[in-house]
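One structure is given below, represented as structure tokens, and several questions about it will come after.
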Amino acid sequence: AVESPLLASSTAHIGLPPVWASRVEGAGQAVVLIDQGIDTDHPFFGGRVIDAACFSNAGGTAGFTSLCPSGQGVQTGAGAAEADVNNPACWYNGNSLCSHGTWVAGIAAGGDSNSFDGVARRAGMIPIQVYTRFNNYAGCSGGGTCALAIISDQMSALEYIYTTLRHTYPIAAVSMSLGGGLYSSSCDSDSRKPIIDNLRSVGIATVISAGNNGNTNAVTAPACIDTAITAGGVSDTDTPPADAVVYNMHSLVDLLAPAQLVTSSAVGGGYGTASGTSISAPMVAGAFALCRSVNPGLTVDQIEAILEGTGIPVTDTRPGGLYTKPRLQMDAAIGACRHTNTWTGTHSAAWSDAANWSDGVVPASVTDVTIAAP
């Protein structure tokens, strides 16, 4: 008998066990999953689904079938992104049309009593369903029934994060494991760029899968937006050779993470295995949550620079390969994100005076500091 590797091999490959052992697990941060909704009560999520939303069928105007549990084009609040059997629109001939989001969410932030966990295993999760059911549609495989994501619904989800969710929750990153087309240069005319920029300006990274076409010099949209964090894929130790680039690669790719044969949560309470840069994006989003959990004051630019600077350089050695990019190495990254600030003032000086700190910044309440002995 043969078995697929579990998520444990991928998280070990990027240095997470010592990070978790130091109690850096993403607590106090949240990751938004813009995808196909999730099986909310899956044991892998440990009751950490803290909110939800749905934007489907172009907000109810496209003439297809909404995948919001209410049947409406927009739904917000608890249960709004439910993808289990309680949402009949997500099922066709006994098969789930909404399975992808549950698997992605487990990679970003799953965690229970199993021997494997997601990256930010104590972070909160906010699923947002952005897919629509298309029946007897030429764009579906074989002209059948499938779920596809309308761009206006994706934009509505991103806007909702910016206008509403961020004011309630400490959101570190958004994960988008979706895309289409192939682009060999940035696509900054994409209608999703302005809201991605707005989110970045308030400290929320939008992490997007590079795509699975196997191209050595192109990525899909919206990963081609240069202000997104574009996540490409590599193999891990259970899919040797480790750190072999897989799927799409381009100069626009910012970070690499494992992307082959990873087992994660599945609709219905079990577990399933899949591959693709749909794995890489939630891994990188979880990495942002881990860094933010040890230093909430870090900006998106700072965390991106740390993750890239501490990453392991991986060269695309496939025929036609052109690029070398950093693969996540989280034990090194967390050390850098945890930056130790040293007190330089006198013992009676004001704690809140930035001039009394080595880097000229008053530390946040959870930031490590060094105080000299009297």
Side-chain angles (χ1 to χ4, degrees), residues 5-31 104-111 114-125 170 172-175 177 205 207 209-210 229-239 242-243 245 253-260 262-264 277-314 324-340 366-368:
L6 296 178
L7 186 52
S9 67
S10 295
T11 54
H13 189 57
I14 62 173
L16 278 171
V19 172
W20 293 334
S22 68
R23 298 187 177 180
V24 176
E25 301 168 292
Q29 296 296 316
V31 177
V104 165
I107 291 163
N114 282 321
S115 59
F116 59 97
D117 291 314
V119 174
R121 64 186 188 180
R122 296 294 177 265
M125 288 176 272
V174 179
S175 178
S177 293
V207 186
S209 298
I229 308 297
T230 303
V234 295
S235 57
D236 69 17
T237 52
D238 275 3
T239 50
D243 285 332
V245 174
V253 169
D254 298 300
L255 288 158
L256 300 170
Q260 277 194 302
V262 173
T263 299
S264 183
T277 55
S278 285
I279 301 170
S280 309
M283 280 202 169
V284 172
F288 270 81
L290 291 178
C291 273
R292 187 65 61 68
S293 73
V294 298
N295 195 342
L298 291 175
T299 66
V300 173
D301 286 353
Q302 289 171 326
I303 296 176
E304 180 182 4
I306 288 170
L307 293 176
E308 292 177 4
T310 57
I312 302 298
V314 174
T324 298
K325 293 291 181 175
R327 189 261 295 154
L328 289 178
Q329 187 63 39
M330 292 310 299
D331 44 356
I334 292 303
C337 287
R338 198 193 286 274
H339 175 71
T340 300
V366 297
T367 302
D368 290 342

Looking at every heavy atom in both L290 and G26, which two are closest together, and how far apart are they? CD2-N, 3.4 Å
Expected output: side-chain K325 to main-chain V253 donor-acceptor under 3.5 Å: yes
Is F288 close to V31 at the side-chain level, that is, under 4.5 Å between some pair of heavy atoms? no
T310 side chain vs I306 backbone, donor-acceptor pair below 3.5 Å: yes
So, do V314 and P326 sit near enough that their side-chain heavy atoms are less than 4.5 Å apart? no
Smallest heavy-atom separation, G28 atom then P170 atom, equals O-CG, 3.0 Å
Identify the heavy atoms of F116 and A8 that sit nearest to each other, and give their distance.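 Looks like CB-N, 3.5 Å.
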To the nearest 0.5 Å, what is the distance between CD1 on I279 and OG on S264?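 The OG atom of S264 is 8.5 Å from CD1 of I279, to the nearest 0.5 Å.
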Worked verdict on L307 versus M330 for side-chain contact (heavy atoms from CB on, under 4.5 Å): CA-CA 8 Å; L307 293 176; M330 292 310 299; 3.9 Å; yes
Determine, step by step, whether V119 and L16 satisfy the side-chain contact (heavy atoms from CB on, under 4.5 Å) criterion, reporting the C-alpha distance in whole Å, the side-chain angles of both residues, the deciding distance to 0.1 Å, and the verdict. CA-CA 7 Å; V119 174; L16 278 171; 3.9 Å; yes
Minimal non-hydrogen separation, G110 against R121, with atom names: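 So the two residues come closest at O-CB, 3.4 Å.
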So do M283 and L7 actually touch side chain to side chain, heavy atoms under 4.5 Å? yes
Could you give the distance from SG (C291) to CD (Q29), rounded to the nearest 0.5 Å? 10.5 Å
Test your reading of the model: is there a side-chain donor-acceptor pair from D236 to the backbone of P258, 3.5 Å cut-off?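 A pair under 3.5 Å: no.
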Is it true that a side-chain atom of E304 and a backbone atom of D301 form a donor plus acceptor pair closer than 3.5 Å?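 Judged by distance alone, no pair lies under 3.5 Å.
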For residues G297 and Q302, report the shortest heavy-atom separation together with the two atoms involved.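 Scanning both residues completely, I find the closest heavy atoms to be O-OE1, 4.0 Å.
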Verify the distance criterion only: is there a donor paired with an acceptor across the side chains of H13 and D243 at less than 3.5 Å?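 Present: a donor and an acceptor within the cut-off.
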So, W20 side chain and D117 main chain: donor-acceptor pair closer than 3.5 Å or not? no
S177 side chain vs S278 backbone, donor-acceptor pair below 3.5 Å: yes
Could you tell me if the side chain of L255 sits less than 4.5 Å from the side chain of E308, heavy atoms only?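 Touching, per the 4.5 Å side-chain cut-off.
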Check whether any side-chain heavy atom of R338 sits under 4.5 Å from a side-chain heavy atom of S22, and report yes or no.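 Yes, close enough: below the 4.5 Å cut-off.
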Could you tell me whether the side chain of R292 and the main chain of L298 form a donor-acceptor pair under 3.5 Å?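 Yes.
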D331 side chain vs V19 backbone, donor-acceptor pair below 3.5 Å: no
Taking the side chain as every heavy atom from C-beta outward, state whether V284 and L328 have any atom pair closer than 4.5 Å.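 SC-SC contact between V284 and L328 confirmed.
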How close do A173 and V207 get, heavy atom to heavy atom, and via which atoms? CB-CG2, 4.5 Å
Within the distance-only criterion (no hydrogens, no angle test), does the side chain of S280 pair as donor or acceptor with the backbone N or O of A257 below 3.5 angstrom? yes
Separation between OG1 of T324 and CG of L256, rounded to the nearest 0.5 Å: 9.5 Å
